[in-house]
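These notes concern the structure reproduced below.
Naming: A, B, ... by sequence-line order, numbering from 1 per chain.
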2 protein chains.
Amino acid sequence: MRSQGQTWEATRDRIGAEIASGRLPPDSRLPSEPELCRLYDARRHSLRRALAALEAEGKLRVEHGRGTFVERAPLVNYVIGQRTRFRENLLSQGLTASGQSLSEAQIPADARIARLLGLPVGALVHAISRRGFANELPISLGWSYHDASRFPELAELRRQGISVTEIYRSHGIEDYQRLRTTIFTRPANEREAPLLMLRPGQSVLIVQKVDVDKAGRPIGFSEAAWAGDRVQFTFETTPPYSFATEKHDDV
Amino acid sequence: MRSQGQTWEATRDRIGAEIASGRLPPDSRLPSEPELCRLYDARRHSLRRALAALEAEGKLRVEHGRGTFVERAPLVNYVIGQRTRFRENLLSQGLTASGQSLSEAQIPADARIARLLGLPVGALVHAISRRGFANELPISLGWSYHDASRFPELAELRRQGISVTEIYRSHGIEDYQRLRTTIFTRPANEREAPLLMLRPGQSVLIVQKVDVDKAGRPIGFSEAAWAGDRVQFTFETTPPYSFATEKHDDV
DNA sequence: TGCCATTTGTCCGTATGTATC
DNA sequence: AGATACATACGGACAAATGGC
């Protein structure tokens with residue numbers, strides 16, 4: 001076996017158990033590193049490795065010069081049907097929803113955007129970037145792309161707080177639906193992490209979707225990075241019942 | 001600034017660039033740690049921190065006593081509609097699909113399973129655990145639960161390689177569909193990581209679903225952990241068109 | 001089988017930089 | 001400015017897994 005103390009994994013598990021049990025409640029501050037070293041009979045290197053692992057799991061948040069805190073993990077269950085809107089989704093869970101525009105531009109469509117929107121490469125599209133919040137906590141970072149010739153004043157209307165659904169309607173698009181939704185996970189990059197209040201390396205869920213009109217023609221494409229430890233997605237394929245599945249059940 | 005060498009982040013980025021550029025191709029072995037220290041003028045601690053970060057991003061795979069290798073990242077696009085089967089999904093992408101039974105048991109339903117299946121707590125259910133492979137590489141680790149009184153010989157039939165769809169049909173269930181699918185991400189735990197050939201801390205996508213018959217009654221519940229860096233899910237909400245969205249595009 | 005070189009994993013001690021209060 | 005707390009870095013020792021001889 002080992003000639004020295006315990007492994008960093010043992011320390012990680014002991015602290016993790018404290019958090020899971022609730023003895024260390026969300027947002028509470030952990031003792032300082034020297035103190036933790038005494039409490040768990042660990043040397044600083046090993047203790048820090050344990051803390052780093054817990055941080056990567058999203059259970060802790062380490063703040064330089066301030067201390068180490070237990071992460072609170074509010075959970076947004078984002079229900080995706082054929083027509084889904086951000087606000088309603090969150091409001092129905094008793095959460096406050098808000099958004100913030102990060103950038104707006106008209107840009108020529110690159111090959112990917114052009115193909116997804118059924119436009120020629122180089123056609124002007126609105127590219128709008130927004131950040132979404134639930135209960136003042138950032139949860140998503142999104143980009144949307146719309147044909148600028150079809151929705152000339154889209155950016156202006158969005159800035160005024162008018163929803164995408166209403167803008168569609170004002171263009172005679174009474175009914176639209178999602179063509180498909182693609183979802184995968186990857187580590188947050190250095191741009192996303194601070195905006196989502198994640199540490200680099202924590203996971204985001206990338207959700208890409210295409211809205212189509214009744215004729216099946218694409219009218220908008222969007223993709224968003226969601227804070228992986230604060231959200232789950234539910235895809236409804238039939239009228240909603242009252243079942244529920246729960247996050248963080250061990251599988 | 002710093003009194004000593006470069007930061008571990010600089011080393012991480014330099015090696016990461018080598019991988020991204022293809023100069024270090026997938027599955028190739030990196031030089032040993034002492035060699036890398038010389039190449040990048042880093043000390044062992046800092047170098048190892050850089051490697052650990054790249055490993056967490058899924059770009060490298062470090063094998064104790066053997067060496068460090070560039071990770072290959074085959075991508076499975078798993079399309080989920082109302083009726084979806086594992087094999088067809090992979091075969092349509094030119095991948096070979098296979099599965100392996102890990103465990104089979106009849107157990108009393110706990111509160112969650114009972115609620116999801118619409119059974120009383122304690123009712124006997126088949127609990128079957130399987131591992132799925134694409135091109136011989138493990139990609140999923142799943143558990144399924146079915147009412148044992150309704151499908152008495154389910155485990156036996158599954159062992160013989162008979163699909164769930166066929167078993168349903170033999171019980172007069174000609175048509176069934178997913179009620180809902182819930183998906184979220186979390187780090188792989190220590191049980192899952194080796195079975196999915198992931199390192200602890202890399203992300204899995206958890207997919208939970210309930211199958212219902214035409215009357216809307218639940219007939220089966222399953223949940224699976226998918227290797228997060230090897231799979232994406234696409235939810236079709238309308239008849240399939242020929243659009244595509246691509247993984248690993250920077251958002 | 002066993003020995004041994006190679007390679008990665010863990011741990012310890014220490015010094016100094018940097019952010020916060 | 002000083003105290004506290006986290007971040008980075010260096011050096012050294014030994015453990016454990018692998019693979020060749």
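- Rounded to an integer number of Å, the gap from B:Glu9 CD to C:dT18 C1' is 14 Å.
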Kindly give the atom pairs (protein nitrogen or oxygen, nucleotide nitrogen or oxygen) under 3.5 Å for nucleotides 18-21 of chain D.
from: D:dG19; atom 1: OP1; to: B:Arg66; atom 2: NH1; distance (Å): 3.0

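- Ring geometry for A:Phe221 versus A:Tyr145: interplanar angle under 30°, hence parallel rather than tilted (30 to 60°).
- Rounded to an integer number of Å, the gap from A:Leu47 CG to C:dC12 C1' is 14 Å.
- Scanning for side chain to side chain donor-acceptor pair (under 3.5 Å) contacts around A:Ser129 gives an empty result, with sequence neighbours left out.
- Out of D:dA5, C:dT10, D:dA7, the shortest distance to the side chain of A:Arg29 is found at D:dA5.
- Shown here are the salt bridge (Lys or Arg N to Asp or Glu O under 4.0 Å) partners of B:Arg29, two or more places apart in sequence or in another chain: there are none.
- Distances shown here put a side-chain N or O of B:Arg48 below 4.0 Å from the OP1 or OP2 atom of C:dG9.
- The side chain of A:Val62 lies closest to D:dA7, out of C:dC11, C:dT8, D:dA7.
- For the pair A:Leu36 CG and D:dT4 C1', the computed distance is 14 Å after rounding to whole Å.
- Look at A:Ser32 and you won't find any side-chain N or O under 4.0 angstrom from OP1 or OP2 of D:dT4.
- The shortest distance between the side-chain N/O atoms of A:Thr68 and the OP1/OP2 oxygens of D:dC6 is below 4.0 Å.
- Applying the salt bridge (Lys or Arg N to Asp or Glu O under 4.0 Å) rule to B:Arg48 yields the partners B:Glu33; only residues at least two apart in sequence or on another chain are considered.
- Atoms CD (A:Glu33) and C1' (C:dT18) sit 14 Å apart, rounded to a whole Å.
- Among residues two or more places apart in sequence or in another chain, the ring pair (Phe, Tyr, Trp, His ring centres under 6.0 Å) test is passed with B:His45 by A:His45.
- Between A:Arg158 and A:Val164 there is a side-chain heavy-atom pair separated by less than 4.5 Å.
- Residue-level contact check: A:Arg44 touches the bases, meaning some heavy atom is under 4.0 Å from a base atom.
- Toward the 5' end of DNA chain D, the nearer of the two residues A:Arg199 and A:His45, judged by each one's closest nucleotide, is A:Arg199.
- Applying the salt bridge (Lys or Arg N to Asp or Glu O under 4.0 Å) test to B:Arg131 and every residue at least two apart in sequence or in another chain returns nothing.
- Rounded to whole angstrom, the span from the CZ atom of A:Arg12 across to the P atom of C:dG9 amounts to 15 Å.
- Counting only heavy atoms from C-beta on, B:Arg43 has its side chain closest to D:dG11 among D:dA9, C:dT10, D:dG11.
- OP1 or OP2 of C:dT10 has at least one side-chain nitrogen or oxygen of A:Arg49 nearer than 4.0 Å.
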